[in-house]
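Comments concern the structure below.
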Amino acid sequence: MPKTTRPAHWPSSSGSFTLKDQYTSRNDSMGSEKKPLNPVLGELFYGYWPDSNGRGRTTLLVEQVSHHPPITAYVIENKSKGLKLVGHNAQKTSFSSGSIIVRQIGHAILTVDSTEYLITLPKLRIDGLWYGSPYIELSDTSYIIGGGYLSTIEYKGKGYFSGKSHQFKATVTPLPGMGGSATKEQTIEGLWHEKSKHTKGGSGDFHDVVTKHKEIVQVVGGEKDGEQGEYETRKLWNLVAKGIKEGDYELASREKSRIENEQRQMRKDEAAEERKWELKHFKRQESDPIYEKLGRLAKITPPEEDYYEFLGNWPQSLAN
């Protein structure tokens, strides 16, 4: 990349790499988007990215905090760099003009030392259904608000007759009353799954997803002995994954049905006993004061939103 400096207020360009992993990797490797397995209530995933070149270790914790509707809560933290991201997401789907529209519900709060940033989620659109080759496209607008700046990220997909897939335009402007001016506006444009560059307020490439090395998270067990518990993803779906990899679809289908039937019975038992499933790492709160405070600066909707508070109880394998 050219020797350009990204301002401290600009959101990390690694977000583009995350988007590629989330929304295009399966499409690239399998030819079209595939329906994933439905996570079960209480499902857990623990992992980390090791320290490299002094960047510090980054830890990851994910918990499925609701099944109807499906809601996933997560925390990513790099203690040595003072970085922490806590958030949750859910989806509501509808149909429009031959596409599936997915409205992502939820948000994330990124803390950099003592500065907090609100990150909202874009909409998804699943196109290509008519051609039997579905793929995910991002649409509409998401925001990053904090540190005295507003980042507005507009997503545009491929049109019926022209354009490229996975386009975006991000504009960073000082928030009103924060001592900035319009002359400090910066703009980044490009493809979030490939390359992007500065088009205003800077020069050169912003990020190159294509040539950047992909790092797979190192999975760890959450039990005291470092083993995986029964609700950890790799253990829970072990036989289903084995069946898919080995082409034994009878095994995969049988195990998938077993897990789903067990979950249905557990929910019936809980309802009969008038009790609820107890979350392990998060606690639901009716409203998020950080979301309300920062969201008000950009007049985002809805003006209030619930959140899942992380209890700080990392498993022993990720605690240090």
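Treat the numbers as computed from the prediction; the structure is a model and nothing was measured.
Under the side chain to side chain contact (heavy atoms under 4.5 Å, CB included) criterion, E262 pairs with R258, sequence neighbours left out.
Using a cutoff of 4.0 Å between basic side-chain nitrogens and carboxylate oxygens, E230 and K235 are not scored as salt-bridged. The pair R275-E273 meets the salt-bridge criterion, with a side-chain N (NZ, NE, NH1 or NH2) lying under 4.0 Å from an Asp/Glu carboxylate O.
Residues H198 and Q186 have side chains that never bring a donor and an acceptor to within less than 3.5 angstrom of each other. At a cut-off of 3.5 Å, with distance as the only test, a side-chain donor of W314 or E77 sits close to an acceptor on the other residue. Looking at Q265 and D269, their side chains do bring a donor and an acceptor atom within 3.5 Å of each other. Side-chain contact check for W237 and E255: no donor-acceptor pair (N or O, by modelled atom type) lies under 3.5 Å. When only modelled atom types and interatomic distance are considered, S80 and N78 share a side-chain donor-acceptor pair under 3.5 Å.
At least one donor-acceptor pair under 3.5 Å links the side chain of S257 to the backbone N or O of S253. Within the 3.5 Å criterion, the main-chain N or O of D208 finds no donor-acceptor partner in the side chain of E194. N89 places no side-chain N or O within 3.5 Å of a backbone atom of Q104 that could act as its donor or acceptor partner.
T152 contributes atom OG1, which lies 9.5 Å from atom CD1 of I144 (distance to the nearest 0.5 angstrom). Atom CG of L150 is separated from atom OG1 of T173 by 4.5 Å, given to the nearest 0.5 angstrom. Here CG of L279 is found 7.0 Å from CG of L41. Values are rounded to the nearest 0.5 Å.
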Contacts under 3.5 angstrom, residues 297-306 side chains, donor-acceptor by atom type, not counting sequence neighbours:
unit_1: E305; atom_1: OE1; unit_2: H107; atom_2: ND1; d: 2.6
unit_1: D306; atom_1: OD2; unit_2: R284; atom_2: NE; d: 3.1
unit_1: D306; atom_1: OD2; unit_2: R284; atom_2: NH2; d: 3.2

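The two atoms that bring A170 and I153 nearest to each other are CB-CG1, 4.1 Å, heavy atoms only.
Ring-plane geometry between H193 and H166 is classed as perpendicular, the angle between the planes exceeding 60 degrees on a 0 to 90 degree scale with a lower cut at 30.
The number of heavy-atom neighbours closer than 6.0 Å to CD of E250, taken from other residues, nucleotides and ligands shown, is 12 or below.
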